[in-house]
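Quick notes on the structure that follows.
Starting from 1, each residue takes its place in the sequence as its number.
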Amino acid sequence: MTPLLEARGILKRFGGLTAVDGVDIRVGRGEMVGLIGPNGSGKTTLFDCLSRVTAIDSGSIEFDGTDITRCRPHEVARLGLSRTFQIIRVYRDLSVAENMELSIQWSRVGAAGLFRRTDPATTRRVDSLLEFLLLGPMRDERAGDLSGGQRRLLEIGMALMSEPKLILLDESTSGVNPTMVADIADRLRAVNAEGVAILLVEHNVQFVADLCERVVVLDQGAKLAEGSPRDIMENRAVIEAYFGAEAGETG
Ligand code: ADP
Ligand code: MG
């Protein structure tokens, strides 16, 4: 069976720096895949390439049978590929529900649709997703008043508004307390159980190991290893590159 997402030879340079160095990555329908690697290994840049936020220097990306290599971000969102950002992007002065409404309008019709009145079906989807993400009681609160973990959940909700087939999540647990991390893991399992494929960039390796059957490891822009969480955690090169770098950062 053809995968939902199939990217081949993704190359992205920033001047003299090769941030993503010919990476192949694949996500099957309904699959949950982890993407890990030390800081600066190219995870976010690869997400930017896949979601078409950034131009790539070479490579190809196919999503759900469509070549999206030259698509714009709102076009891939419409095809069912949605994402969150490492640096949270919510409008702090708007309510939780208003943030949800804006995300769908953008993916449907581009920025021109931002000021349309919200239709009842959208309002229903906002309310049911907020319930599902444990944010029902926060519906009319200012997004800026949410906790770090609640804001991550809101971002996941915003990514789900367009009824995606795949969501790319960039560090959904960073700045989140351990209780909320467990809530996020639980909600991601529930999202995945609904058939939504997830590609998960994470700093928290245990979180990835608990959720994913397959993990891809990047190091210096290139794929270092790929396999089950157990294979990855026992892989000598991964231990050296990933955990070696971690140890280097703290000491
Ligand atoms: P990760 O998400 O794995 O921490 P990034 O994708 O953010 O890694 O960064 C990969 C490399 O690309 C790093 O060396 C980073 O400094 C560099 N980089 C990322 N974005 C830019 C940019 N807009 N301009 C120049 N260099 C960048
Ligand atoms: Mg990053």
Interatomic spacing from [atom1] in [X] to [atom2] in [Y] - rounded to 0.5 Å:
X	Y	atom1	atom2	answer
Thr44	Leu218	OG1	CG	10.0 Å
Leu153	Ser147	CG	OG	8.0 Å
Lys165	Ile198	NZ	CD1	15.5 Å
Leu168	Ser82	CG	OG	8.0 Å
Lys223	Ile10	NZ	CD1	11.5 Å
Thr54	Leu46	OG1	CG	11.0 Å

Quick one: does any side-chain atom of [X] pair with a main-chain N or O of [Y] as donor and acceptor, under 3.5 Å?
X	Y	answer
Thr69	Ser60	no
Thr18	Arg13	no
Thr84	Asp170	yes
Lys12	Ala55	yes
Asp67	Glu62	no
Ser95	Glu98	yes
Glu155	Arg89	yes
Asn192	Gly30	yes
Glu171	Val201	no

- [ ] Could you tell me whether Arg139 and Asp127 make a salt bridge, using a distance below 4.0 angstrom between a side-chain N and a carboxylate O?
- [x] yes
Task: Residue pair Leu199 / Ile25, side-chain heavy-atom distance below 4.5 Å - done: yes
- [ ] For residues Phe63 and Val76, determine if any side-chain heavy atom of one lies less than 4.5 Å from a side-chain heavy atom of the other.
- [x] no
Same apolar cluster: [X] and [Y], side chain cutoff 4.5 Å:
X	Y	result
Val196	Phe47	no
Met32	Val191	yes
Leu160	Leu146	yes

TODO: Check the pair Arg142 / Asp93 against side-chain contact (heavy atoms from CB on, under 4.5 Å), numbers first and verdict last.
DONE: CA-CA 6 Å; Arg142 234 179 117 256; Asp93 289 326; 2.9 Å; yes
TODO: Could you walk me through whether Val126 and Met161 pass the side-chain contact (heavy atoms from CB on, under 4.5 Å) test, one step at a time?
DONE: CA-CA 7 Å; Val126 166; Met161 274 302 287; 3.5 Å; yes
Task: Arg152 and Thr173: CA distance, side-chain angles, deciding distance, side-chain contact (heavy atoms from CB on, under 4.5 Å) verdict - done: CA-CA 7 Å; Arg152 291 287 177 194; Thr173 67; over 6 Å; no
Open item on the list: Strictly by salt bridge (Lys or Arg N to Asp or Glu O under 4.0 Å), give each pair with a member in residues 33-55 just once, sequence neighbours left out.
Closed with: Asp48-Arg83
Task: Glu131: salt bridge (Lys or Arg N to Asp or Glu O under 4.0 Å) partners, not counting sequence neighbours - done: none
Task: Check against side-chain hydrogen bond (donor to acceptor under 3.5 Å, both in side chains), Ser174 and Gln86 - done: CA-CA 8 Å; Ser174 79; Gln86 183 171 357; over 6 Å; no
Task: Under 3.5 Å side-chain donor-acceptor pair for Glu101 and Thr122 - done: no
Open item on the list: So which atom in Asp24 and which in Arg8 form the shortest heavy-atom distance, rounded to 0.1 Å?
Closed with: OD1-CA, 3.3 Å
Distance-only donor-acceptor hits, side chain of residues 207-216, under 3.5 Å, sequence neighbours excluded:
{"from": "Asp210", "atom 1": "OD1", "to": "Gln206", "atom 2": "NE2", "distance (Å)": "3.0"}
{"from": "Arg214", "atom 1": "NE", "to": "Glu31", "atom 2": "OE2", "distance (Å)": "3.0"}
{"from": "Arg214", "atom 1": "NH1", "to": "Glu226", "atom 2": "OE2", "distance (Å)": "2.5"}
{"from": "Arg214", "atom 1": "NH2", "to": "Arg26", "atom 2": "O", "distance (Å)": "2.7"}
{"from": "Arg214", "atom 1": "NH2", "to": "Glu31", "atom 2": "OE1", "distance (Å)": "3.0"}
{"from": "Arg214", "atom 1": "NH2", "to": "Glu31", "atom 2": "OE2", "distance (Å)": "3.4"}

Open item on the list: Would you say that more than 12 heavy atoms from the other residues, nucleotides or ligands in this model lie under 6.0 Å from the CZ of Arg189, or not?
Closed with: yes
